[in-house]
Amino acid sequence: MIGSKLPGVGTTIFTIMSKMAADEGAINLSQGYPDFNPPDALLDLLAKYARGNYHQYPPMAGVAYLREQIAAKTHALYGREVSADNEVTVTSGGTEAIFVALQALIHPGEECIILDPAFDSYEPGVTMAGGRSVHVPMRGDDFHIDWDEVRAAITPRTRVIIVNSPHNPTGRLFLPEDFAELTRIAVGNDLVVISDEVYEHMVYDGAGHTSVLTIEALRDRSIVVSSFGKTCHATGWKVAYAIASPELTDEFRKVHQFVTFTTHTPTQWALAEFLDKHPEHYRNLPDFYQAKRDVFNTALEASAFTIEPSAGTYFQLAGYASIADVDDVTMAHYLTRTVKVAAIPISVFYDAAPGQRVVRLCFAKDDATLREAASRLSAVTHIE
Ligand code: GLN
């Protein structure tokens with residue numbers, strides 16, 4: 001038998017819970033994806049490019065028109081000039097971008113700081129690069145980062161720190177002092193920052209997204225990842241991108257070219273023209289998703305779940321301590337099988353989970369779906 005390269009890894013929780021939701025006929029609020037379509041204008045563009053002569057390999061780094069539009073959007077939103085040629089790479093999903101970044105940056109024996117709870121692909125990416133993940137848990141009910149703990153976790157082998165704001169699964173945003181500490185630590189220890197910003201357009205209550213791209217001191221030491229799957233309600237299209245300095249982009253592309261080489265051509269063209277013609281789509285996204293969050297949370301007001309409104313992402317945490325004293329995997333299974341609303345346990349995002357009684361629910365759903373799910377959840381008062 002071959003020895004597994006990922007002995008501690010099973011099937012990702014998102015696949016497990018979506019399958020369970022389908023098998024059980026549950027409303028699927030587990031894996032994060034919308035139950036509505038991308039905008040009609042984007043679908044029309046996809047049809048247009050599918051009918052055209054756009055079916056062969058695009059450039060390895062991505063269709064130039066799309067990279068130019070990404071650069072224009074980055075400038076419009078974050079005031080940062082990036083070179084479409086040398087600093088933008090289109091990838092087949094955010095997961096590819098993060099994986100490629102980790103392979104490009106981490107040498108065998110080097111370490112990567114991961115702030116738990118963390119998206120489940122980070123650690124295997126580090127492991128496959130021959131590196132070691134060093135987990136620093138966020139603390140308390142507000143999931144704040146104790147930067148002294150981060151400092152204490154750094155060794156001469158630390159190469160990378162991964163950050164994620166808006167944060168999956170907590171819905172928390174980095175605060176200005178978090179960015180200040182991150183910058184001090186990255187510069188002081190010569191680290192590269194991988195900033196997973198796939199939820200950049202889902203930031204609520206007027207807060208506005210802070211991108212690592214706006215931090216001058218991190219300019220040459222960060223790889224920023226964003227995702228059209230999230231931004232355009234098209235998670236199955238698997239198109240995302242990475243922005244990094246020319247030097248980091250060179251290293252990133254060396255790996256990317258041998259992982260996926262490039263990304264589905266007509267989809268890139270459609271996304272490019274959509275960004276070009278419809279910037280209002282991403283500008284309206286915070287209001288669009290905030291309204292969904294509020295529909296869902298209002299419908300849950302009378303429920304026994306504890307809800308602290310999500311500040312970003314399309315995820316809402318729901319505390320169930322007053323309902324049941326069971327672990328969150330048991331609770332997620334119960335909700336899926338018995339209540340018929342599938343949820344994600346947050347313990348799976350930890351190296352060592354502190355045992356909170358909390359599950360994650362995705363509110364990227366039609367309002368009717370959200371109301372029905374909330375009504376089912378509100379019927380749950382006590383579980384022995
Ligand atoms: N980002 C999505 C989530 O957190 C899942 C992505 C995936 O299934 N790979 O639900």
Side-chain angles (χ1 to χ4, degrees), residues 6 9-22 26-36 38 91-102 114-126 128 138 143 162-173 194-203 224-242 259-260 263 285 289 292-293 296 310-318 328-329 332 335-336 341-350 353 358-365 369-370 373:
L6 297 171
V9 173
T11 301
T12 170
I13 189 70
F14 307 111
T15 298
I16 290 173
M17 293 313 300
S18 277
K19 179 167 186 315
M20 194 183 295
I27 297 175
N28 189 1
L29 304 190
S30 65
Q31 190 178 26
Y33 64 88
D35 71 346
F36 42 85
T91 61
S92 297
T95 300
E96 194 227 336
I98 288 161
F99 181 81
V100 164
L102 291 168
I114 293 178
L115 304 171
D116 284 355
F119 188 57
D120 69 345
S121 85
Y122 299 164
E123 169 148 9
V126 175
M128 282 187 273
M138 298 181 185
F143 297 96
I162 308 183
V163 295
N164 169 222
S165 177
H167 183 260
N168 177 11
T170 66
R172 176 190 185 277
L173 306 178
I194 298 178
S195 184
D196 174 354
E197 300 184 16
V198 298
Y199 300 101
E200 66 178 319
H201 301 296
M202 297 166 203
V203 178
V224 175
V225 176
S226 187
S227 157
F228 291 113
K230 307 293 185 292
T231 299
C232 294
H233 316 318
T235 59
W237 290 12
K238 298 299 298 174
V239 188
Y241 57 91
V259 175
T260 57
T263 296
L285 221 48
Y289 273 117
K292 294 208 170 290
R293 178 199 67 176
F296 190 46
S310 167
T313 74
Y314 48 38
F315 302 117
Q316 176 64 56
L317 292 186
D328 60 353
V329 174
L335 291 175
T336 309
V341 178
I344 294 283
I346 70 161
S347 56
V348 301
F349 294 79
Y350 282 89
V358 176
V359 292
R360 189 196 81 175
L361 302 164
C362 173
F363 56 81
K365 308 291 165 187
T369 314
L370 292 173

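Both ligands and their constituent atoms are indexed starting at 1 by order of listing. These numbers were taken from a predicted model, which means no experiment stands behind them.
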A.B. asks: Side chain, backbone, both or neither: which part of Met17 has a heavy atom under 4.0 Å from ligand 1?
C.D. replies: neither

A.B. asks: Taking ring pair (Phe, Tyr, Trp, His ring centres under 6.0 Å) as the criterion, tell me which of Tyr199, Phe363, Phe14 meets it with Phe315.
C.D. replies: Tyr199

A.B. asks: Is the backbone of Thr313 close enough, under 3.5 Å, to the side chain of His201 for a donor and an acceptor to pair up by distance?
C.D. replies: no

A.B. asks: Is it the case that ligand 1 has an N or O less than 3.5 angstrom from some N or O of Asn168?
C.D. replies: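 Asn168 vs ligand 1: N/O contact under 3.5 Å present.
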
A.B. asks: Go through ligand 1 atom by atom and flag the ones less than 4.0 Å from a non-hydrogen atom of Gln31.
C.D. replies: 7 (C), 8 (O), 10 (O)

A.B. asks: Is it the side chain, the backbone, both or neither of Thr12 that has a heavy atom closer than 4.0 Å to ligand 1?
C.D. replies: neither

A.B. asks: For ligand 1 and Ser30, I'd like to know whether there is a polar contact (N/O to N/O, distance under 3.5 Å).
C.D. replies: no

A.B. asks: Taking the six-membered ring where the residue is Trp, are the ring centres of Tyr314 and Tyr33 under 6.0 Å apart?
C.D. replies: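 Centroid distance Tyr314-Tyr33: not below 6.0 Å, so no.
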
A.B. asks: For Ile114, which of Phe119, Tyr122, Tyr350 qualifies under side-chain contact (heavy atoms from CB on, under 4.5 Å)?
C.D. replies: Tyr122

A.B. asks: Taking atom 1 (N) of ligand 1 as the point of reference, which of Tyr314, Phe315, Tyr199 owns the nearest heavy atom?
C.D. replies: Tyr199

A.B. asks: Within 45° of the axis and under 6.0 Å from the centre of the six-membered ring of Phe143, does NZ or CZ of Arg172 qualify?
C.D. replies: no

A.B. asks: Side chains of Ser30 and Thr336, heavy atoms from C-beta outward: is any pair under 4.5 Å?
C.D. replies: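 Ser30 does not reach Thr336 side chain to side chain.
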
A.B. asks: Among all protein heavy atoms in this structure, tell me which lies nearest to atom 9 (N) of ligand 1, with the distance rounded to 0.1 Å.
C.D. replies: Phe119 CZ, 4.2 Å

